[in-house]
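Okay, so here's the structure we're looking at.
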Amino acid sequence: MKKGGLNPKLKLSLPPPDEDSISKFLTQSGTFKDGDLLVNKDGVRIVPRNEVVAPSVIKPSDDQLSLADIDTIKVIGKGNGGIVQLVQHKWTGQFFALKVIQMNIQESYRKQIAQELKINQSAQCPYVVVCYQSFYDNGAISIVLEYMDGGSLADFLQKVKTIAEPYLAAICKQVLKGLLYLHREKHIIHRDLKPSNLLVNHRGEVKITDFGVSAILATTSGQANTFVGTYNYMSPERISGGKYGYKSDIWSLGLVLLECATGRFPYSPPELGEGWNSFYELMEAIVDQPPPCAPSSHFSPEFCSFISACVQKDPTDRQSAHELMTHPFISMYEDLDVDLASYFTNAGSPLATF
Ligand code: ATP
Ligand code: MG
């Protein structure tokens with residue numbers, strides 16, 4: 001095995017070229033070209049110099065690039081499912097995040113997982129982390145992702161403790177656009193929206209990640225080595241084992257925003273200073289207690305109303321991503337021209353701009 005647990009013989013597979021993918025290739029973000037090398041969501045390709053990038057030029061079988069050309073820089077994160085490494089392309093210096101999930105997938109699940117990974121790779125939106133390639137090899141799924149140099153909102157929240165409303169509105173707008181895309185265009189329920197699955201970068205961008213991963217992990221949940229993630233942001237209808245849909249993600253969004261605003265997870269344990277006695281107690285609280293709300297003494301009526309529109313216990317009472325886009329909270333700070341780029345870069349900077 002090579003550095004980073006990757007098989008050096010593993011080749012990046014090339015899908016057959018088509019007009020559509022080539023035009024996206026040239027115009028959309030997430031596409032990278034440096035000399036002979038072209039990288040986009042479909043993989044890494046070598047295109048002979050001085051040739052126009054046209055469908056006829058990109059041959060599906062030639063010039064494949066081995067993952068051996070990618071160096072591991074360092075581990076940047078660990079989750080329940082595996083590790084995330086910062087990797088760099090040897091020739092171009094381009095950075096990627098490589099997520100490696102250890103799991104021995106039974107033959108019967110492979111097709112389904114391949115399908116999920118394909119959906120993952122087909123997502124193209126500025127508010128969703130680009131998935132360039134994925135592989136299954138030697139008991140591990142490796143996913144090459146867009147590198148987000150600001151880390152996750154969970155990491156960021158640890159530094160700043162709370163996020164003021166104007167920043168939160170700007171962050172929320174981007175997350176809603178990402179959700180709108182996943183729900184309406186891709187028909188994907190994220191299922192695991194939480195602060196660590198919202199990534200930020202120095203350009204002030206906020207993007208949703210891991211939208212396919214939870215589906216993959218759910219697929220294999222009958223097997224050993226099962227995912228035990230956080231269920232904290234899970235909607236009451238999911239916890240109860242009922243039917244759930246896109247609105248389940250909206251519940252999670254409401255809890256995430258409330259946590260960012262107040263600096264703590266909205267469901268407090270029964271006795272101060274103690275954690276939840278068991279996972280089941282928290283689950284019970286989410287299902288049985290009234291939903292949390294933003295204290296009106298500390299937050300604008302618009303923010304309180306936005307949270308309430310998200311965390312209705314009955315999903316039919318919750319607003320959709322599309323409806324929430326026009327909520328007054330989203331637009332109320334627009335005149336301030338909030339600079340998320342410097343906020344994310346200089347974490348903890350005072351709100352001097354307001
Ligand atoms: P869980 O396993 O419970 O879902 P998680 O979301 O934190 O938790 P991972 O998805 O494995 O677990 O991510 C671990 C950490 O790696 C993230 O919190 C984030 O800091 C970092 N990370 C993940 N993806 C990227 C990326 N594309 N760019 C930069 N950092 C990333
Ligand atoms: Mg994650």
Side-chain angles (χ1 to χ4, degrees), residues 4-5 29-30 32 39-41 70 72-89 94-103 116-117 120-121 123-135 140-160 171 174-175 178-179 182 188-221 225-234 238 248-249 252-253 255-256 259-260 265 279 282 344-345 347:
S29 75
F32 167 73
V39 185
N40 80 348
K41 69 166 186 68
I70 289 172
T72 302
I73 307 291
K74 59 175 181 179
V75 173
I76 46 174
K78 280 194 175 109
N80 285 296
I83 61 162
V84 180
Q85 298 164 331
L86 172 63
V87 298
Q88 187 173 28
H89 189 262
Q94 171 86 346
F95 290 108
F96 298 98
L98 183 75
K99 181 164 187 156
V100 184
I101 308 167
Q102 280 297 332
M103 57 164 73
E116 292 292 348
L117 289 170
N120 237 11
Q121 269 171 245
Q124 283 228 357
C125 164
Y127 307 100
V128 158
V129 171
V130 180
C131 169
Y132 292 96
Q133 262 294 6
S134 38
F135 316 93
I141 294 177
S142 302
I143 306 173
V144 182
L145 298 163
E146 173 180 13
Y147 172 55
M148 295 292 282
D149 59 9
S152 75
L153 206 58
D155 306 327
F156 186 70
L157 203 55
Q158 276 200 333
K159 282 191 240 167
V160 296
I171 291 168
Q174 297 191 54
V175 178
L179 279 180
L182 292 179
I188 294 173
I189 306 165
H190 189 296
R191 295 184 179 89
D192 197 20
L193 198 71
K194 57 185 176 183
S196 68
N197 284 339
L198 297 171
L199 304 182
V200 306
N201 67 20
H202 72 280
R203 288 193 291 270
E205 294 166 338
V206 184
K207 304 190 184 203
I208 303 175
T209 192
D210 280 351
F211 43 90
V213 174
S214 58
I216 291 169
L217 296 167
T219 306
T220 57
S221 62
N225 206 0
T226 305
F227 163 74
V228 188
T230 175
Y231 291 79
N232 290 8
Y233 303 87
M234 213 181 255
R238 268 196 86 188
S248 197
D249 288 342
S252 312
L253 173 69
L255 290 194
V256 169
E259 179 171 341
C260 290
F265 180 66
F279 153 81
L282 170 61
F344 291 150
T345 313

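No hydrogens, no waters, no symmetry mates; every other heavy atom, side chains included, goes into these values. Read the numbers this way: they start at 1 and go in the same order the structure lists the ligands and their atoms.
In this structure, the side chain to side chain contact (heavy atoms under 4.5 Å, CB included) partners of Met148, at least two apart in sequence or on a different chain, are Val129, Glu146, Leu199, Asn201, Lys207.
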Assess the residue pair Val144 and Cys131 against the criterion (side chain to side chain contact (heavy atoms under 4.5 Å, CB included)); give the C-alpha distance rounded to whole Å, side-chain angles, the decisive distance to 0.1 Å, and a yes or no. CA-CA 6 Å; Val144 182; Cys131 169; over 6 Å; no
Show, in sequence, the C-alpha distance, side-chain angles and deciding distance for Val256 and Leu198, and conclude whether the side chain to side chain contact (heavy atoms under 4.5 Å, CB included) test is met. CA-CA 10 Å; Val256 169; Leu198 297 171; 4.0 Å; yes
List the steps, then state whether side chain to side chain contact (heavy atoms under 4.5 Å, CB included) holds for Gln88 with Phe96. CA-CA 6 Å; Gln88 187 173 28; Phe96 298 98; over 6 Å; no
Would you check, one step at a time, whether the test side chain to side chain contact (heavy atoms under 4.5 Å, CB included) holds for Arg191 with Arg238? CA-CA 9 Å; Arg191 295 184 179 89; Arg238 268 196 86 188; 3.6 Å; yes
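A donor and an acceptor atom, one from each side chain of Asp249 and His190, are nowhere located under 3.5 Å apart. Looking only at atom types and distance, the side chain of Glu259 has a donor-acceptor partner in the side chain of Tyr233 under 3.5 Å away.
Counting only non-hydrogen atoms, the option in Leu199, Leu145, Asp210 that gets closest to atom 26 (C) of ligand 1 is Leu199.
Using a 4.5 Å heavy-atom threshold, the side chains of Leu282 and Phe265 count as touching. The shortest side-chain heavy-atom distance between Leu98 and Leu145 does not fall under the 4.5 Å cut-off.
Residue Ile76 places no N or O, backbone or side chain, under 3.5 Å from any N or O of ligand 1. In terms of N/O distances under 3.5 Å, ligand 1 is not approached by Tyr147. Geometrically, ligand 1 and Lys78 share no nitrogen or oxygen pair separated by less than 3.5 Å.
For the Mg ion (ligand 2), protein N/O/S neighbours under 2.8 Å (waters excluded) are Asn197 OD1, Asp210 OD2.
Listed by atom number, the atoms of ligand 1 under 4.0 Å from Ala97 heavy atoms are 26 (C), 27 (N), 28 (N). Near Gly79, meaning under 4.0 Å from any of its heavy atoms, are these atoms of ligand 1: 2 (O), 8 (O), 11 (O), 12 (O). Counting the atoms of ligand 1 from 1 in the order shown, those under 4.0 Å from a heavy atom of Asp155 are 19 (C), 20 (O). Per-residue contacts place Lys99 under 4.0 angstrom from the following atoms of ligand 1 (heavy atoms of the residue considered): 9 (P), 10 (O), 11 (O).
Residue Asp192 holds its CG atom at 13.0 Å from CD1 of Ile189, rounded to the nearest 0.5 Å.
For Thr209, the heavy-atom gap to ligand 1 stays at 4.0 angstrom or more.
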